[in-house]
Amino acid sequence: MKDYWRNNRRFADLINGCLFEGEQVIHAEDLAAYDTDESTIISGRGEKKMTILRNRDILKMCVPEAGFVLIGVENQQKVHGYMPLRIAVYDILDYVKQQRQWEETAGQESNQKKGRARQKKETKLKLIPVYSLVVYYGESEWKEAQSLWDMMDVPAYMEPYINNWNCRIIQVRSYNREFFKDPEVYSFFEACQQLYRVKGDLSALKGIRLTKETAAAVGTVTGSRQLIELAETEGGEVDMCMALDNLINEKVSEGKREGRREGKLEACISLLGQGLISVSAAAQVSGLTEEEVQQELKRRKGSSGLSEAEMRV
């Protein structure tokens, strides 16, 4: 997913959809890659030093007319109970890195020209604001902390004085995809949500056109090996209607080559076993009723090893 969101066009639309409800505030031409290494060494008293090693997923410098800002995106497949703390560390380390870069630059300039040391003292450090977004791809709802205050019990009398650190978490499974204007980003959210809704049944993607990169990304976050394989074999765009029809036809042909008289039913049984189609889709393709398909599944369950989950409608 790092490679997918590194694309400036997709990244801009992701940010616009998640922060500004689709308003086109950030543009692809405003973005530039930024160093994701947040590692630093903190010196203590004496010779004591502590090394902190951190690497962000994606960090971009945004340079719109309104002003500079650093925007980071963290990809999260599983719920993380300490995510606000992790994001706070990332952001603070970004500010520390800016401070050190400014000090190094000011120091070099003061050594090159006389009198620059005085100018260094008069020059104030201006930090570039940092914002971090978490994109959560899990199928289950995120119920863990989304701010530092969620991780602690703050006494009421101290609430005005204890700093909080909010962590915006976008849940792909339920976020409003209408906020996304880029076709690739929209189809990514649409395909993920459809697959989560039907527990991975690829027939739910009929009618959705995915680019090769988007199909691979959807397959990665939803755990669909079949979709990843389709992305690897198809050209620039994956037409899910055609792709699924081709899969069924391939299975039918295999059945005929092996001399089976029930080629279509055999194809459907095979695809059901892989979780690619539902019972209703199998009934439509094979010409049987859903009840007949389920009866056939029950009859073959012992020999084929199909589980109850694979017999879902």
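If you read the sequence from its start, that first residue is 1, and numbering goes on from there. Since this is a predicted model, take the numbers as computed values, not measurements.
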| message | Is it true that, when you exclude Phe20 itself, more than 12 heavy atoms of the residues, nucleotides or ligands shown sit nearer than 6.0 Å to its CZ? | response | yes
| note | Asp13 and Asp182 have their tightest heavy-atom pair at OD2-N, 3.1 Å
| message | For Glu74 versus Asp57, what's the shortest heavy-atom pair and its separation? | response | OE2-N, 3.1 Å
| Least distance between heavy atoms, Arg168 atom then Cys18 atom | NH2-O, 2.7 Å
| Got a second to check how far Tyr82's OH is from Leu148's CG, nearest 0.5 Å? | 13.5 Å
| message | For Ala28 versus Ala12, what's the shortest heavy-atom pair and its separation? | response | N-CB, 3.9 Å
| Do Arg177 and Gln193 have side-chain atoms, one donor and one acceptor, less than 3.5 Å apart? | yes
| field | Neighbour count above 12 (heavy atom, 6.0 Å) for Arg225 CZ | value | no
| said: Ring centroids only, cut at 6.0 angstrom: are Tyr4 and Phe188 within range, meaning strictly under it? | reply: yes
| field | Considering all heavy atoms, the nearest Tyr175-Phe179 contact | value | OH-CD1, 3.5 Å
| Closest heavy-atom pair and its distance - Leu202, Ser224 | CD2-OG, 3.8 Å
| task | Hey, could you give me the CD1/OG distance between Ile208 and Ser187, rounded to the nearest 0.5 Å? | result | 8.0 Å
| request: Side-chain contact test, heavy atoms from C-beta onward, threshold under 4.5 Å: evaluate it for Leu14 versus Val135 and give yes or no. | output: yes
| Quick one: ring pair (Phe, Tyr, Trp, His ring centres under 6.0 Å) pairs with a partner in residues 129-151, sequence neighbours left out? | Tyr136-Trp142
| Any side chain to side chain donor-acceptor pair (under 3.5 Å) pairs touching residues 17-34, not counting sequence neighbours? | none
| said: One thing to verify: whether Asp3 and Arg10 come together as a salt bridge, which I'm taking to mean a side-chain N less than 4.0 angstrom from a carboxylate O. | reply: no
| query | Taking atom CD of Glu144 and atom CG of Asp150, what is their separation to the nearest 0.5 Å? | reply | 10.0 Å
| Side-chain donor-acceptor pair under 3.5 Å between Glu178 and Tyr186, yes or no? | yes
| task | Look at the side-chain heavy atoms of Ile, Leu, Val, Met, Phe, Trp and Tyr, link any pair under 4.5 Å apart, and say whether Ile228 and Leu205 land in one connected group. | result | no
| Lys NZ or Arg CZ of Arg6 over Phe11 ring: under 6.0 Å, within 45° | no
| task | Applying side chain to side chain contact (heavy atoms under 4.5 Å, CB included) between Met83 and each of Gln76, Met151, Gln146, report the one that passes. | result | Gln76
| Between Glu184 and Arg9, is any pair of side-chain heavy atoms under 4.5 Å apart? | yes
| query | Salt-bridged, Lys199 to Glu139, with N to O below 4.0 Å? | reply | yes
| Checking Gln98 side chain against Ile128 main chain: does a donor-acceptor pair fall under 3.5 Å? | yes
| said: Using 0.5 Å steps for rounding, measure from the CG atom of Asn7 to the CG atom of Leu31. | reply: 10.0 Å
| message | One pair to check against side chain to side chain donor-acceptor pair (under 3.5 Å): Glu103 and Gln99. What are the steps and the verdict? | response | CA-CA 6 Å; Glu103 289 176 343; Gln99 175 205 352; 3.0 Å; yes
| remark: Rounding to 0.5 Å, atoms CD1 (Ile26) and CD1 (Ile15) come to a distance of 7.5 Å
| field | Separation of Ser132 OG from Asp94 CG (nearest 0.5 Å) | value | 7.0 Å
